[in-house]
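Below is one structure, written out as structure tokens, with a few remarks after it.
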Number of protein chains: 2
Amino acid sequence: MTTAAAPADFQKKFKYHHGNLRDALLSAATHILETKGIDGLSLRGLAKATGVTQAAPYSHFRDKDELLAAVAETGFQRLALQMAEDATGAAGTRQRIEKLVSSYIRFAVNNKPMFQLMFGRELSNLKKYPTLAMTAGKSYALISAALSKRAAGEGRQDARFLTVAIWSLCHGLTTLIVEEKLDPAGFGAGSTSEFVEKTVEIFAAQLG
Amino acid sequence: MTTAAAPADFQKKFKYHHGNLRDALLSAATHILETKGIDGLSLRGLAKATGVTQAAPYSHFRDKDELLAAVAETGFQRLALQMAEDATGAAGTRQRIEKLVSSYIRFAVNNKPMFQLMFGRELSNLKKYPTLAMTAGKSYALISAALSKRAAGEGRQDARFLTVAIWSLCHGLTTLIVEEKLDPAGFGAGSTSEFVEKTVEIFAAQLG
DNA sequence: CCGTTTATCTCAACAGTGCAAAGATGGAGC
DNA sequence: GCTCCATCTTTGCACTGTTGAGATAAACGG
């Protein structure tokens with residue numbers, strides 16, 4: 001009975017026993033994450049929202065971290081996808097970089113809690129989840145690839161460090177905005193996206 | 001009786017009733033933060049370590065956030081101090097910037113939990129603590145000031161965005177390293193500091 | 001020097017969290 | 001039809017932040 005789905009009753013979309021509770025949990029977790037924020041996502045609340053008991057999730061995830069890792073992975077997939085889409089049709093290395101960075105930041109602003117989860121402290125045991133690490137690397141690979149052509153002529157080592165620099169700028173600007181440590185409004189820019197564009201532009205200009 | 005102080009008994013350094021419990025709490029909190037990490041810092045554990053009951057801290061801080069804000073503020077002070085020291089005697093704008101950034105990252109690596117607290121999600125209500133916001137701005141001001149001379153000839157707007165760019169690079173590189181999303185070992189650099197130096201150098205080279 | 005006030009701390013309790021051990025349940029495969 | 005086993009429930013533990021009512025002792029006014 002896959003009805004058109006009232007907003008948040010994930011339980012009805014899945015069979016009771018021996019259904020795909022795992023997917024239901026991930027789906028509900030993502031929904032709670034986006035609505036209540038990262039601190040509003042508890043295993044007990046998640047279980048209740050999915051229509052099962054508080055201990056049920058432990059049949060599918062060893063602990064909360066493993067659940068969060070699975071949720072974060074879907075986030076990384078979406079991020080990489082969006083970045084790839086937004087950068088298609090970019091003319092030249094510089095414009096491609098600009099578009100990639102802009103896309104990254106837009107994702108973070110539009111999916112704040114998800115971004116906090118993806119790059120927050122809770123998943124710093126990232127190595128424990130090899131799948132996660134690989135998925136997380138895709139975005140980085142996009143920037144790296146965009147630079148690789150240009151760097152063919154120059155030193156390869158320099159290209160790697162330049163990638164790191166751009167990646168750092170991108171990530172740093174994003175976190176500062178998301179965690180509200182930097183207020184775009186204070187810079188005479190109308191919108192956040194305008195502010196981002198200008199900063200990235202000026203930075204990219206230095207790269208020639 | 002201010003004895004030479006065995007490592008962690010903060011309670012003995014202060015009077016029982018009507019002593020400076022507030023300072024004792026902050027001191028103990030900092031110690032716990034550095035040893036047990038940010039998740040290992042609970043109000044109850046803190047109270048026990050300080051030799052008071054779990055409800056005692058509430059006489060000095062409205063809630064846990066306010067305590068954390070106070071702890072973070074000492075961190076921001078130490079950061080600004082260290083950056084200012086490390087940048088003294090730098091020849092020219094570029095070297096000064098390099099030293100400031102290096103200092104920032106070294107602080108983060110040497111005081112990981114403190115850095116996580118200072119720039120983490122828990123204090124994103126930063127505006128609620130005006131003192132904190134002001135102290136936090138000092139480090140940014142250092143970079144901004146280092147660029148101001150150079151920017152006098154150029155457009156002032158550009159200078160502001162350039163400051164943001166450098167600040168973002170600095171902060172991004174730091175968080176990626178601290179949260180273990182970027183492994184310096186994978187870049188052929190021996191130590192983290194060497195890796196940082198090289199990245200900053202290459203970045204600064206782009207600025208001329 | 002004594003009595004009152006007030007900041008400070010204790011005691012006890014509530015609601016919430018992640019997690020684990022033991023038992024019930026029902027679908028899958030022989 | 002029977003057994004097996006993944007799945008889910010029940011129950012409980014230890015921990016968290018926070019609160020309200022009371023004890024206590026320092027500070028202050030007389």
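These numbers were taken from a predicted model, which means no experiment stands behind them. Just so we're on the same page: letters track the sequence lines, and every chain starts at 1.
- One finds a salt bridge joining A:E98 and A:R94 here, because a Lys/Arg side-chain nitrogen approaches an Asp/Glu carboxylate oxygen to under 4.0 Å.
- Counting heavy atoms from C-beta on, the side chains of A:T74 and A:M114 come closer than 4.5 Å.
- D:dG17 atom P lies 11 Å from atom CG of B:D39, rounded to whole Å.
- Between the CZ atom of B:R22 and the P atom of C:dC9 there is a distance of 12 Å, given to the nearest Å.
- Looking only at side-chain heavy atoms (C-beta outward), A:E66 and A:Y129 come within less than 4.5 Å of each other.
- In this structure A:T175 satisfies the side chain to side chain contact (heavy atoms under 4.5 Å, CB included) test together with A:F115, A:H171, B:H171, sequence neighbours excluded.
- With sequence neighbours left out, B:S102 forms a side chain to side chain contact (heavy atoms under 4.5 Å, CB included) with B:V196.
- Rounded to whole angstrom, the span from the NZ atom of A:K48 across to the P atom of D:dT10 amounts to 12 Å.
- We find that CZ of B:R44 is positioned 13 Å from C1' of C:dT10, with the value rounded to whole Å.
- To the nearest angstrom, P of C:dG27 lies 15 Å from CG of A:N20.
- Taking the six-membered ring where tryptophan is involved, the planes of A:W167 and A:Y104 are perpendicular, since the angle between them exceeds 60° and thus also 30°.
- Going from atom CG of B:L41 over to atom C1' of D:dC15 covers 15 Å, rounded to whole Å.
- For the segment residues 62-75 of chain A, residues with any heavy atom less than 4.0 angstrom from an atom of DNA chain C are, sorted by number, A:D63, A:K64.
- Going from atom CD of B:E122 over to atom P of D:dG17 covers 12 Å, rounded to whole Å.
- Counting only residues at least two apart or in different chains, salt bridge (charged side-chain N to carboxylate O under 4.0 Å, His left out) contacts with residues 106-124 of chain B comprise A:D39-B:R121, A:R121-B:E122, A:E122-B:R121, B:D86-B:R106, B:K112-B:E180.
- Taking a 4.0 Å limit (strictly below) on heavy-atom distances, residues 53-61 of chain B reaches DNA chain D at B:Q54, B:A55, B:Y58.
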Identify all side-chain donor-acceptor contacts of residues 133-143 of chain B below 3.5 Å with residues at least two apart in sequence or on another chain.
{"residue": "B:T135", "atom": "OG1", "partner": "B:E73", "partner atom": "OE2", "Å": "3.3"}
{"residue": "B:T135", "atom": "OG1", "partner": "B:T131", "partner atom": "O", "Å": "2.9"}

